[in-house]
2 protein chains.
Amino acid sequence: MSSKLTDRQQQVLDCIRECIADTGMAPTRAEIADIMGFQSKNAASDHLRALERKGYIRLHSDRSRGIQLLDNAYWGEEELPIVGKVAAGVPIEAIENVERTVPVPQGLFKQRPTYLLKVQGDSMVDAGIFDGDLIAVRKSNVARSGEIVVARIDEEVTVKTLKLNKSSATLLPANEAYEPIKVPADQLVIEGIFVGLIRDPNSY
Amino acid sequence: MSSKLTDRQQQVLDCIRECIADTGMAPTRAEIADIMGFQSKNAASDHLRALERKGYIRLHSDRSRGIQLLDNAYWGEEELPIVGKVAAGVPIEAIENVERTVPVPQGLFKQRPTYLLKVQGDSMVDAGIFDGDLIAVRKSNVARSGEIVVARIDEEVTVKTLKLNKSSATLLPANEAYEPIKVPADQLVIEGIFVGLIRDPNSY
DNA sequence: AATAACACTGTTCATATTATCAGTATCCGT
DNA sequence: ACGGATACTGATAATATGAACAGTGTTATT
């Protein structure tokens, strides 16, 4: 992964993002210096080099405004990975689980999702979550009672409504054909919280 | 609105869009000329001026790569209107019905939606369409049997599964509490076809 | 038949922008 | 206590890019 940014570098990165969001163009060194209050354009150059080295941007040499944002927070939309079958014992976002990626605009959902999970099975049909639906999941290892969560039990990943009672947790399906699952609070591994749903009836 | 583009101008506009989608940067005059096969940069300049005059782009003078795309089809995503309550006798997309707009990336759904409709009522819960969900609708006045459609009956807009038998049509709810609606084929007005669903559990 | 918009080629010039070199000072890990 | 990353100032050279001017045909419109 890309290494951590210093405060100043983060500010410069934010400044670039803002520029692109506002005008659709990346800023020049001079513009960055202006906005950040540098006296020298080279201060901006230095930061850009640092941002590139750390993997946040790509610099196209000799091209004006040749700053390309990488990875996340692109232009108000993000490429989110679609996770299908999750192999046992493997982190949910591991590459082998990713089927493809889809651009999802920021702000489509109130809470920002981390990845999309392709639902398998019909245990949540009564909550309107069907087999094949994509659910938008925000990564988190805690959740409040009543929230729909992505949880791992015995290395299996499932989507259920979480109910917390005093010392134990219950994972509640939304389908009469399934039984609630009671889990000791210390054995429950929450992977994320359900923050949105996308369904495409025409997706093969 | 902006006036119509010539074929060539449309090609140049497409070329700009592609550039931005690929690299995040607008192209220079020289790059456009290269891609389009012009011998002269000025050919590109001419087209850009035409595109600006017609309201498709904004040119920032004296700034390199200072081409800003305007209005629609920005960067692979479209602003789709969210339609809430639909007033009787009014076209579904009429301005007074639009609550707000949301950017939806092209390709999120197999079929491209025309607008989003905020679902009211629970007549389709068994199909996983809940009160408050946004359904993506592709405008169409025909539909095949079995598809979920947006239809108008007596000036009321509803979402139902369409069943066509010989000479009559039935609009099938997906909730036992509701009755199927039988409509003479000539009285049925189909507004559009359900092509996708977006749910945000945190939307106020 | 005249006029304007379209669709270019080709050249020159001004300036916008990047690249690079030479410094200074602070902070951090070893 | 040392090297390296951070965080800048300041100046100059090289080049990328936009703007302007002078042309040539073609097509659409009045």
Side-chain angles (χ1 to χ4, degrees), chain A residues 1-70, chain B residues 1-70:
Chain A
M1 199 53 199
S2 29
S3 45
K4 264 222 146 180
L5 294 181
T6 65
D7 285 358
R8 211 73 180 118
Q9 287 166 355
Q10 184 62 56
Q11 286 168 33
V12 173
L13 184 58
D14 289 343
C15 146
I16 298 168
R17 290 225 180 94
E18 262 187 67
C19 265
I20 294 181
D22 285 357
T23 65
M25 287 174 260
T28 63
R29 273 77 172 154
E31 284 167 358
I32 294 174
D34 244 30
I35 297 167
M36 299 290 298
F38 303 152
Q39 301 303 307
S40 168
K41 298 184 290 183
N42 192 46
S45 280
D46 284 352
H47 279 118
L48 289 177
R49 270 190 288 267
L51 286 171
E52 180 172 46
R53 181 164 43 78
K54 293 185 175 181
Y56 287 79
I57 61 174
R58 184 177 158 201
L59 292 175
H60 297 256
S61 56
D62 291 326
R63 332 189 83 197
S64 14
R65 300 172 186 276
I67 304 172
Q68 192 174 359
L69 292 178
L70 296 178
Chain B
M1 201 49 201
S2 29
S3 45
K4 265 224 145 178
L5 294 181
T6 65
D7 285 358
R8 212 72 178 118
Q9 288 165 354
Q10 183 62 56
Q11 285 168 33
V12 173
L13 185 58
D14 288 344
C15 148
I16 297 168
R17 290 224 179 94
E18 261 188 68
C19 265
I20 294 180
D22 285 356
T23 66
M25 285 173 263
T28 63
R29 274 76 171 156
E31 282 167 0
I32 294 174
D34 244 30
I35 297 168
M36 298 290 298
F38 303 152
Q39 301 303 305
S40 166
K41 297 186 293 181
N42 193 45
S45 281
D46 283 352
H47 282 302
L48 289 178
R49 271 189 288 267
L51 286 172
E52 181 172 44
R53 181 166 41 81
K54 293 187 174 179
Y56 287 79
I57 60 174
R58 184 177 159 203
L59 293 175
H60 297 257
S61 58
D62 291 325
R63 331 189 86 197
S64 16
R65 298 171 188 278
I67 304 171
Q68 193 174 359
L69 293 177
L70 295 178

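Each chain gets a letter, A, B and so on, in the order the sequences are listed, and its residues count up from 1. All values derive from a computational prediction rather than experimental measurement.
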So, is B/R29 close to the D/dA19 phosphate, meaning a side-chain N or O under 4.0 Å from OP1 or OP2? yes
Closest approach to the side chain of A/S61, judged atom by atom: which nucleotide of C/dA16, C/dA19, C/dT9 is it? C/dA19
At under 4.0 Å, does any side-chain N or O of A/R63 touch on OP1 or OP2 of C/dT18? no
Hey, could you give me each pair passing ring-ring contact (aromatic ring centres under 6.0 Å, His included) that has a residue in residues 24-45 of chain B? Not counting sequence neighbours. B/F38-B/H47
Nucleotide nearest B/H47 (side chain, heavy atoms from C-beta), chosen from D/dA7, C/dA7, C/dT17: C/dA7
Out of C/dT18, D/dT9, D/dA7, whichever nucleotide has its closest atom nearest the side chain of A/S64: C/dT18
For atom CD of B/Q39 and atom P of D/dG25, their distance in whole Å: 17 Å
Nucleotide of D/dC8, C/dT20, D/dT17 approaching B/R65 most closely (side-chain heavy atoms): D/dT17
Check whether any side-chain nitrogen or oxygen of A/T6 sits under 4.0 Å from OP1 or OP2 of D/dA7, and answer yes or no. yes
Any side-chain N or O of B/K54 less than 4.0 Å from the OP1 or OP2 oxygen of C/dC6? yes
Measure CZ/B/R49 against P/C/dC8 and give the value in whole Å, please. 14 Å
Atom CD1 of B/I67 to atom P of C/dA16: distance rounded to whole Å? 17 Å
Is B/R8 near enough to C/dA7 that one of its side-chain N or O atoms lies under 4.0 angstrom from OP1 or OP2? no
With a 3.5 Å cut-off and no angle check, do the side chains of B/Q11 and B/D7 form a donor-acceptor pair? no
If you compare every side-chain N and O of A/R53 against the phosphate oxygens of D/dT6 (OP1, OP2), does one of them come in below 4.0 Å? yes
Here the distance between atom P of D/dG18 and atom CG of B/L48, to the nearest Å, is 9 Å
B/Q68 pairs by side-chain hydrogen bond (donor to acceptor under 3.5 Å, both in side chains) with which of B/E52, B/H60, B/R63? B/H60
Side chain of B/N42 only, heavy atoms from C-beta on: which candidate in D/dA22, C/dT20, D/dG18 is closest? D/dA22
Rounded distance (Å) that lies between atom P of C/dT11 and atom CG of B/D46: 17 Å
